[in-house]
Amino acid sequence: MSENSQYPTAPFGDWDGSPAAARAMQQSLAAQVNLQDDFPPLRLIAGVDVGFEDGGTITRAAAVLLDADTLELVGSSLARVPTNMPYIPGLLSFRELPAVLQALGELPAVPDLIFSDGHGIAHPRRLGIAAHLGVVTGLPTIGVAKKLLTGAHDELDLARGAQVELRDKKTGEVIGCVLRSKDKVRPLIISPGNRVSIVTAPQLVMRYVTRYRLPEPTRLADRLASRREEKAAARRLSGAAK
DNA sequence: GCGACAG
DNA sequence: ATCTTGTCGC
């Protein structure tokens, strides 16, 4: 089980830490996003997500590696690092990406596609965390978000698989789609990413949705990052102790 | 100036 | 994201 350390350690170059410089950096990186379908036959897919411990002082990134055909868990990793900056809408990647890259580097293999929590190009400057991750790693990525950050869309049917385009409010440019992954659940906001087209992204998401709202890679990474298991177990015990 | 605002 | 119990609906 050899881990791979082929991911950048300092994804922000010579960033001075200021929000203004971060936004400028996003503008230039956004130009490097590839919105064409350019991914290999999928054999291994990954899911990444981030959670926090100790009131937010520790950033906890989880990465899971799945067999793209059977969805069998092939490997997983966890990276715990000190939190370096606060959450600022639009600058999420500068807060979470370092931990995510560390977790990815500890997986047993490099995935053919990564599902990232948060948006891809459905972002004010077209560089949400999924797109940022795709540019710095060069790998295909898709952003799977639970809430809207920017853009507008029409209503969509309540049936599983229903979807409508998400467009820039000002330019009308299509920046992603709103997808109902299960009957009557709150829709997901899907956007590339890198090396995946706006049309293909939701298809790939649906391919990996089983019985839950979130596609498996994202759901499993979320469980690890946010310690769903541990918390549920702790709750059951304290409740039984009474 | 006012509202919106991933995780 | 995280803190948190019971509860309404499919």
Side-chain angles (χ1 to χ4, degrees), chain A residues 19 22-23 26 30 33 47-63 78-101 103 114-134 141-153 158-160 166-170 175-193 201 205 211-215 218-219 221-242:
Chain A
R23 295 186 181 99
Q26 291 179 323
V33 171
V48 296
D49 190 22
V50 172
F52 295 89
E53 298 177 21
D54 190 37
T57 63
I58 299 296
T59 297
R60 180 184 162 106
L78 205 52
R80 301 172 69 255
V81 304
T83 300
N84 37 312
M85 84 175 266
Y87 166 67
I88 300 174
L91 299 184
L92 181 68
S93 62
F94 288 80
R95 170 175 161 89
E96 303 187 343
L97 208 46
V100 167
L101 290 169
I114 302 172
F115 289 82
S116 170
D117 200 49
H119 294 100
I121 63 169
H123 174 279
R125 289 166 294 283
R126 305 291 176 268
L127 196 85
I129 187 167
H132 198 158
L133 174 63
T141 62
I142 293 176
V144 179
K146 305 176 203 67
K147 296 177 181 176
L148 199 60
L149 171 61
T150 189
H153 64 85
L158 294 66
R160 172 193 177 110
L166 176 66
R167 329 180 78 105
D168 183 300
K169 283 185 181 179
K170 183 144 193 179
I175 56 177
C177 86
V178 183
L179 174 69
R180 190 91 65 184
S181 55
K182 296 288 294 178
D183 285 349
K184 300 177 184 176
V185 303
R186 285 187 299 112
L188 298 175
I189 315 301
I190 309 301
S191 65
V205 169
R211 59 175 305 193
Y212 305 92
R213 181 165 81 116
L214 297 174
T218 303
R219 188 180 72 85
D222 179 81
R223 288 185 72 81
L224 248 188
S226 298
R227 298 165 298 172
R228 308 267 179 233
E229 303 269 85
E230 295 86 330
K231 290 179 180 178
R235 262 202 94 209
R236 287 195 298 267
L237 289 184
S238 66
K242 294 182 182 177

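Order of the sequence lines sets the chain letters (A, B, ...), proteins ahead of strands, with each chain counted from 1.
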What does [X] touch in the nucleic acid at a heavy-atom separation under 4.0 angstrom: a base, only the sugar-phosphate, or nothing?
X: A:L148; result: sugar-phosphate
X: A:L97; result: nothing
X: A:D49; result: sugar-phosphate
X: A:K231; result: sugar-phosphate
X: A:G90; result: base
X: A:R228; result: sugar-phosphate
X: A:G51; result: sugar-phosphate

- So which nucleotide from B:dC5, C:dA1, C:dC10 ends up closest to the side chain of A:L149? B:dC5

- Tell me whether the OP1 or OP2 atom of B:dC5 has a side-chain N or O from A:T150 closer than 4.0 Å.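 For B:dC5, neither OP1 nor OP2 has a side-chain N or O of A:T150 closer than 4.0 Å.
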
- Of all heavy-atom pairs between A:A225 and A:A62, which one has the smallest distance, and what is that distance? N-CB, 3.6 Å

Could you tell me how far apart [X] ([atom1]) and [N] ([atom2]) are, to the nearest whole angstrom?
X: A:Q26; N: B:dA6; atom1: CD; atom2: P; result: 14 Å
X: A:R223; N: B:dG7; atom1: CZ; atom2: P; result: 18 Å
X: A:L158; N: C:dG9; atom1: CG; atom2: C1'; result: 14 Å
X: A:R60; N: B:dG7; atom1: CZ; atom2: C1'; result: 16 Å
X: A:N84; N: C:dA1; atom1: CG; atom2: C1'; result: 15 Å
X: A:H123; N: B:dA6; atom1: NE2; atom2: P; result: 11 Å
X: A:I129; N: B:dG7; atom1: CD1; atom2: P; result: 10 Å
X: A:D117; N: C:dT2; atom1: CG; atom2: P; result: 10 Å

Considering only heavy atoms from C-beta outward, does the side chain of [X] approach that of [Y] to under 4.5 Å?
X: A:L78; Y: A:R60; result: yes
X: A:L91; Y: A:Q26; result: yes
X: A:I175; Y: A:H119; result: no

- Does A:K231 NZ have over 12 foreign heavy atoms under 6.0 Å away? yes

- Indicate whether A:Y87 forms a stack on B:dG7; treat it as stacked only if centroid distance is below 5.5 angstrom and interplanar angle below 30 degrees.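 A:Y87 ring centre within cut-off of B:dG7 base, planes near parallel; stacks.
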
- Query: Do the side-chain N and O atoms of A:T59 and A:T83 include a donor-acceptor pair separated by under 3.5 angstrom?
  - Reply: yes

- Note on the structure: Parsed dot-bracket for DNA chain B after applying the Watson-Crick and G-U rules with both distances under 3.5 Å and | for other-strand partners is .......

- Query: Out of curiosity, A:K169 NZ to A:T150 OG1, how far, rounded to the nearest 0.5 Å?
  - Reply: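 Interatomic distance, A:K169 NZ to A:T150 OG1, rounded to 0.5 Å: 7.0 Å.
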
- Query: Is a side-chain N or O of A:R223 found less than 3.5 angstrom from the main chain of A:T218, in a donor-acceptor match?
  - Reply: no

